[in-house]
Amino acid sequence: MAGAARRRDGRIAQERMLEEAMRAIAEDGLAALTMSALADRLGTSGGHILYYFGSKDRLLLEALRWSEELLTAERRALLARRVTAARKLDQFIELYLPRGPRDPRWTLWIELWARTASNEPLKAAQEEIDDGWRRDLEALLTRGVEQGRLAPVDVPARASELLALLDGLSTRVVLGQRGADRAGALERARSAAALLVPPA
């Protein structure tokens, strides 16, 4: 019983660290996030954070995983809604795109993408997260086609193309490129989705 309590307390401690890391990235940017800065925000020591995560790379990956788990729950709820396939696709796009240039989840994605070439475990973890989005989008499109709400298309190809487009739009928003904001990205993504996966 005591062991179970310690494990539960450990999970709570880790979640608090991950939540605070995401908050710090949103407020101050990723460059300002150090183990000691995070420890100061939490009122603990850098060694305590290292005990749970071992390195900053591992902390960033686990923060991304934690954030994505929350979105996975939202995505699954979205797929279960009784709305048209077109509306579900629109909601999927809204969920996928960053909230703005300081979106911590997308800031992490961009940072970790740059590190995957030399880090196989990181690459595998990112591919696993990506696969969840791809599978759910393919399921959404397949159901829409089967119900006659979306035109018959090559679902895997269209899902891959749409996700690549969303990644590009998201990167532009997070990097704060000129003329790139969430509203514009949503408009472009919706236009592209209507062409890639037209209604039946």
Side-chain angles (χ1 to χ4, degrees), residues 18-19 22 25-26 30 61 63-114 116-117 122-200:
L18 297 173
E19 185 175 12
M22 296 298 278
I25 292 167
L30 188 55
L61 175 59
L64 180 62
R65 278 188 194 277
W66 176 77
S67 172
E68 288 286 345
E69 283 172 9
L70 299 177
L71 282 180
T72 297
E74 285 189 59
R75 218 167 58 233
R76 297 290 157 77
L78 181 162
L79 291 174
R81 288 181 194 143
R82 306 190 96 155
V83 295
T84 65
R87 181 66 185 132
K88 279 185 186 178
L89 180 56
D90 189 67
Q91 291 173 343
F92 182 98
I93 289 168
E94 287 184 18
L95 190 61
Y96 196 94
L97 290 172
R99 293 185 298 272
R102 299 198 73 117
D103 186 301
R105 179 178 69 97
W106 272 100
T107 300
L108 278 175
W109 267 116
I110 292 169
E111 175 71 19
L112 294 175
W113 273 337
T116 56
L122 181 57
K123 183 178 180 181
Q126 287 188 315
E127 286 175 351
E128 178 188 338
I129 295 169
D130 273 339
D131 280 347
W133 284 98
R134 178 189 51 76
R135 282 192 306 268
D136 285 350
L137 179 56
E138 287 184 4
L140 188 163
L141 298 181
T142 297
R143 186 143 177 80
V145 170
E146 288 172 349
Q147 292 174 335
R149 301 293 185 129
L150 299 175
V153 294
D154 179 342
V155 166
R158 292 296 170 268
S160 178
E161 290 163 2
L162 185 54
L163 289 171
L165 173 85
L166 293 175
D167 285 343
L169 290 170
S170 297
T171 301
R172 287 174 55 79
V173 170
V174 172
L175 294 179
Q177 293 185 349
R178 189 181 332 178
D181 58 22
R182 178 174 168 83
L186 273 169
E187 184 180 343
R188 290 177 181 87
R190 286 166 174 157
S191 296
L195 292 172
L196 289 170
V197 193

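Residues take their numbers from the sequence shown, with the count starting at 1.
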Please list, one pair per line, the donor and acceptor atoms closer than 3.5 Å that link side chains of residues 77-84 to other protein atoms, with sequence neighbours excluded.
from  : atom 1 : to    : atom 2 : distance (Å)
Arg81 : NH1    : Gln91 : OE1    : 3.0
Thr84 : OG1    : Arg87 : N      : 3.1

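- The side-chain hydrogen bond (donor to acceptor under 3.5 Å, both in side chains) contacts involving residues 145-159 comprise Arg158-Glu161, where partners must be two or more places apart or lie in separate chains.
- Identified under the ring-ring contact (aromatic ring centres under 6.0 Å, His included) test for residues 181-200, with sequence neighbours left out: none.
- Applying the ring-ring contact (aromatic ring centres under 6.0 Å, His included) test to every pair with at least one member in residues 158-180, sequence neighbours left out, gives no pairs at all.
- Counting only residues at least two apart or on different chains, no ring-ring contact (aromatic ring centres under 6.0 Å, His included) pair has a member in residues 146-190.
- Remark: Glu128 engages Arg65 in a salt bridge (Lys or Arg N to Asp or Glu O under 4.0 Å) (not counting sequence neighbours).
- Annotation for Ala185 and Leu169: closest pair O-CD1, 3.6 Å, computed over non-hydrogen atoms.
- Arg134 meets the salt bridge (Lys or Arg N to Asp or Glu O under 4.0 Å) test with Asp131, Glu138; sequence neighbours excluded.
- Qualifying salt bridge (Lys or Arg N to Asp or Glu O under 4.0 Å) partners for Glu69, counting only residues two or more places apart in sequence or in other chains: none.
- Here ring-ring contact (aromatic ring centres under 6.0 Å, His included) pairs that include residues 160-200, with residues two or more places apart or in two chains, number zero.
- Under the rule for a salt bridge (Lys or Arg N to Asp or Glu O under 4.0 Å), Arg172 has no partner lying at least two apart in sequence or in another chain.
- Remark: Leu186 engages Ile93, Glu94, Leu97, Arg182, Arg190 in a side-chain contact (heavy atoms from CB on, under 4.5 Å) (not counting sequence neighbours).
- Considering only residues two or more places apart in sequence or on other chains, Asp167 meets the side-chain contact (heavy atoms from CB on, under 4.5 Å) condition with Tyr96, Trp106, Trp113.
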